[in-house]
Amino acid sequence: MSKSDISESLDKNLEDIEIQEVLKNGTDLREYALQIDRSIKEAEKASVADYLKESENIGSLHNQIEECDGILERMENMLLIFQNDLGSISNEIISLQKRSVNMSIQLSNRQALKGPLSSFIEDIAVSEALIFGINNVPVIDKEFMVQLAILNQKLNFVKEQDFKETKACHDVKDVLEKLKIKAIAKIRTYILEQIYKFRKPMANYQIPQNAMLKYKFFFEFVLANERNVAQEICNEYIDTLSKVYYSYFKSYASRLDKLKYEEVPTKDDLMGIEDGSKGGFFQKSNLKNKSTIFTIGNRGDVLAQQLEAPIIVPHVQQKTKYSYEALFRSLQYALVDNSCREYLFTTEFFHVKSSHAQELFDRILGKTLSLLVKNVENYVVECFDCLALFLCIQLINRYRWMCHKRAVAALDSYWDSLLSTLWPRLELVLKLNIQSVRECDPAKLANKELGPHYITRRYAEFSAAMLSLSEQFPSQELSNLLLMLQDEVHCFLLKMAAEFPQRIQQLIFLINNYDMVLSILMERTRDNTKEAESFREQLQARSTEYVEEILSPHFGGLMQFVKEGEQLLENDKKNELTNLEKKSLTLVTSFSSNWKQSLEEIHREVLVSFPNLVTGSGLLQMALTNFVQYYHKFNKLLTPNARTQLVNIHVIMVEIKKYKTNF
């Protein structure tokens with residue numbers, strides 16, 4: 001409710017109260033109306049008088065009100081104008097906001113495009129430095145290598161963009177093509193110059209190869225951009241190096257061949273053929289500058305300290321003669337050194353691997369390897385030197401392992417070819433030696449001494465050599481052949497022993513031969529070889545029998561009495577043993593008078609029979625030990641009466657100590 005409404009409501013309430021008051025007092029209404037009318041007229045007159053009195057002020061107020069209306073009208077107009085301006089500003093702000101958003105999006109898009117576009121321009125643009133570097137800078141200059149890498153990058157980039165049909169590629173394609181042709185021409189000239197350096201006599205191959213490896217990116221660039229030129233370079237390298245290696249190894253092998261011993265083993269120098277019987281390898285004149293084909297001597301050094309020794313220089317050592325395996329080692333080591341370096345170079349420079357690397361290697365060295373295999377085949381055809389053949393096989397095994405250690409397996413087929421040539425010949429010559437021992441007739445031999453036989457000596461040296469050489473790379477085929485040879489030597493020794501009339505001579509011969517074989521095997525091989533164990537068993541058996549034989553002539557009666565007495569005791573016939581008292585007294589009397597002399601004769605006979613003092617001393621001690629054992633048993637079997645006449649055992653032990661040796 002407004003304020004005027006409240007005022008009207010109050011006036012109305014007052015009138016109602018007055019009317020109620022008039023009615024209550026009983027006042028005449030007409031008089032009251034006239035009274036009211038007069039009051040109104042008086043009020044009107046008073047009001048007019050007040051208006052007149054305040055007319056100037058009212059006029060002034062009127063003027064002020066009109067002025068205020070004018071001001072308010074102007075302010076209204078200004079506010080309307082301001083309102084209109086605010087509306088237009090709001091629209092402008094909205095417009096500016098939209099433009100700001102659009103500009104922000106455009107900026108983001110341009111920033112996102114800036115990187116790829118800059119990279120694209122950088123990758124595709126051809127700078128003056130690139131053009132100058134490719135055209136004018138020498139290939140060995142570092143700047144050329146830098147610019148070549150940039151050119152290679154741009155060529156690859158243009159190829160990629162051209163595949164995407166980028167139009168900008170057409171602007172630089174011709175320039176890059178010309179630069180590529182120029183770069184390839186300069187690279188081709190440089191690499192071919194390096195390859196031609198290999199053709200110079202006495203050239204060091206490592207120098208141009210190292211130079212080529214230093215700039216191996218050249219070939220990578222050519223291979224990626226011009227395969228025909230890359231193939232030309234590769235073919236030129238293969239053709240040049242193939243001829244260089246072939247010429248070098250052909251000349252080197254030929255000059256090495258002149259350093260070989262003039263006297264070589266023949267088919268008359270087999271194990272079973274007697275020394276000098278046919279003017280063969282074992283004549284004294286042939287042994288001045290080399291050992292026999294059955295004795296290893298220092299020939300095994302080619303597998304140890306000489307394995308990686310410097311190669312033999314023919315013109316420096318032309319007055320020195322060498323065994324075949326020493327020359328073979330020098331040639332193969334030169335091949336290993338050159339081949340490993342060549343294989344690693346080709347894989348790194350020409351960027352080939354696996355079968356492609358093997359193919360390239362074979363094209364370079366195939367002709368040379370065939371020549372070397374042919375040379376070995378020519379030697380093997382006439383070779384009867386088992387040790388030389390086996391040393392060559394062991395050299396191959398070690399050099400193959402050396403190549404694998406250097407991560408080069410390219411020579412494996414070559415090693416296999418050599419082994420397929422050497423092994424059959426080694427087996428053949430071994431079988432010929434076995435056959436020669438089998439066919440050797442002891443009855444026709446001039447040498448029939450009790451000492452070690454020449455066949456035994458040859459076998460011992462040869463077997464020990466073969467076993468020691470094969471320890472690192474054992475072979476079952478070789479083991480089987482050596483066992484066959486061992487069996488034949490056993491058979492020969494038994495046949496040879498049968499040529500002696502007395503059993504004790506046979507035993508002396510067998511013990512001397514078995515002992516020599518065992519001594520050499522124990523000295524040069526492991527203790528647990530089958531060969532050593534076999535000869536140890538044979539030696540033990542023959543030694544036991546020999547002891548019985550050497551004691552029998554001197555103490556045979558005593559020994560027989562002990563054996564018979566023990567047999568009677570086993571059969572519980574003690575009464576019969578008592579009946580042998582007379583026989584035992586005779587044995588006691590004989591023993592007491594001869595035992596010292598018998599021990600002396602046994603001592604002298606044993607030492608004379610065995611040139612190996614250690615063996616002779618061992619057999620003597622074994623014989624004396626057996627003698628003491630027999631004597632103890634004899635003492636126990638005697639009757640008390642006979643026992644009192646027996647020499648005291650302490651006297652015998654004192655005498656036996658005289659024969660104790662320090663061997």
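Atoms considered below: every heavy atom in the structure, side chains included; atoms not considered: hydrogens, waters and symmetry mates. Quick caveat: nothing in here was measured; it's all calculated off a predicted structure.
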Exercise for the section: With sequence neighbours excluded, tell me which residues meet side-chain contact (heavy atoms from CB on, under 4.5 Å) with Cys403. Expected result: Val336, Cys340, Leu411, Trp415
Will you find, in the side chains of [X] and [Y], an N or O donor that is under 3.5 Å from an N or O acceptor?
| X | Y | result |
| --- | --- | --- |
| Ser534 | Gln486 | yes |
| Asn102 | Gln106 | no |
| Tyr252 | Ser330 | yes |
| Gln332 | Tyr414 | yes |
| Gln209 | Gln194 | no |
| Asn235 | Arg363 | yes |
| Gln231 | Arg227 | no |

Short side-chain to backbone donor-acceptor contact, [X] and [Y], under 3.5 Å:
| X | Y | value |
| --- | --- | --- |
| Gln358 | Ala410 | yes |
| Arg255 | Pro314 | no |
| Arg329 | Val302 | no |
| Ser479 | Ser475 | yes |
| Ser436 | Gly272 | yes |
| Ser104 | Ser100 | no |
| Ser247 | Lys243 | no |
| Lys180 | Val222 | no |
| Thr347 | Leu344 | yes |
| Thr266 | Asp268 | yes |

Practice task
Could you check Leu482 against Phe462 for side-chain contact (heavy atoms from CB on, under 4.5 Å), going step by step and ending with a plain yes or no?
Solution key: CA-CA 10 Å; Leu482 290 179; Phe462 178 75; 4.1 Å; yes
Quick one: [atom1] on [X] to [atom2] on [Y], what's the gap to the nearest 0.5 Å?
| X | Y | atom1 | atom2 | value |
| --- | --- | --- | --- | --- |
| Leu422 | Leu391 | CG | CG | 11.0 Å |
| Ser355 | Leu360 | OG | CG | 11.5 Å |
| Leu432 | Asp269 | CG | CG | 12.0 Å |
| Ser463 | Arg524 | OG | CZ | 11.0 Å |
| Tyr322 | Leu327 | OH | CG | 8.0 Å |
| Leu192 | Thr189 | CG | OG1 | 7.0 Å |

If you count every heavy atom of other residues, nucleotides or ligands that lies below 6.0 Å from [X] atom [atom1], does the total exceed 12?
| X | atom1 | answer |
| --- | --- | --- |
| Gln305 | CD | yes |
| Lys250 | NZ | no |
| Glu143 | CD | yes |
| Lys260 | NZ | yes |
| His356 | NE2 | no |

Smallest separation among heavy atoms of [X] and [Y], with atom names:
| X | Y | value |
| --- | --- | --- |
| Ser242 | Thr368 | O-OG1, 4.2 Å |
| Ser323 | Glu325 | OG-OE2, 2.8 Å |
| Thr421 | Glu377 | CG2-CG, 3.6 Å |
| Ile296 | Ala465 | CB-CB, 3.6 Å |

Handout entry: Audit row: Lys197, Ile207, side-chain contact (heavy atoms from CB on, under 4.5 Å) steps and yes/no
Key = CA-CA 9 Å; Lys197 290 181 181 179; Ile207 295 176; over 6 Å; no
Practice task
Could you please spell out the steps behind the side-chain contact (heavy atoms from CB on, under 4.5 Å) verdict for Leu369 and Leu335?
Solution key: CA-CA 9 Å; Leu369 298 179; Leu335 177 67; 3.8 Å; yes
State plainly whether the residues [X] and [Y] are in salt-bridge range, i.e. N to O under 4.0 Å.
| X | Y | value |
| --- | --- | --- |
| Lys530 | Glu533 | no |
| Arg188 | Glu226 | no |
| Asp487 | Arg438 | no |
| Arg400 | Asp416 | yes |

Completion exercise
For Arg199, the salt bridge (charged side-chain N to carboxylate O under 4.0 Å, His left out) test, sequence neighbours excluded, returns Glu236
Exercise for the section: Decide yes or no on salt bridge (Lys or Arg N to Asp or Glu O under 4.0 Å) for Asp362 and Lys367, but give the supporting numbers first. Expected result: CA-CA 8 Å; Asp362 290 339; Lys367 189 177 178 182; over 6 Å; no
Exercise for the section: Give me the one residue out of Val429, Leu270, Val489, Leu485 that meets side-chain contact (heavy atoms from CB on, under 4.5 Å) with Ile434. Expected result: Leu485
Exercise for the section: Can you spot which of Leu389, Leu418, Leu372 makes a side-chain contact (heavy atoms from CB on, under 4.5 Å) with Phe328? Expected result: Leu418
Problem - Geometric cation-pi criterion Arg425 and Phe384, 6.0 Å radius, 45° cone - result: yes
Practice task
List the steps and the verdict of side-chain contact (heavy atoms from CB on, under 4.5 Å) for Val264 and Asp385.
Solution key: CA-CA 8 Å; Val264 295; Asp385 188 349; over 6 Å; no
Practice task
Could you walk me through whether Phe294 and Tyr459 pass the ring pair (Phe, Tyr, Trp, His ring centres under 6.0 Å) test, one step at a time?
Solution key: CA-CA 7 Å; Phe294 300 110; Tyr459 166 76; over 10 Å; no
Handout entry: Trace of the ring pair (Phe, Tyr, Trp, His ring centres under 6.0 Å) decision for Tyr324 with Tyr379
Key = CA-CA 9 Å; Tyr324 178 76; Tyr379 167 78; 3.5 Å; yes
Throw together a table of side-chain donor-acceptor distances under 3.5 angstrom for residues 210-221, partners on residues two or more places apart or in other chains.
from   : atom 1 : to     : atom 2 : distance (Å)
Asn210 : ND2    : Gln206 : O      : 3.0
Tyr215 : OH     : Ile140 : O      : 3.0
Lys216 : NZ     : Glu348 : OE2    : 2.9

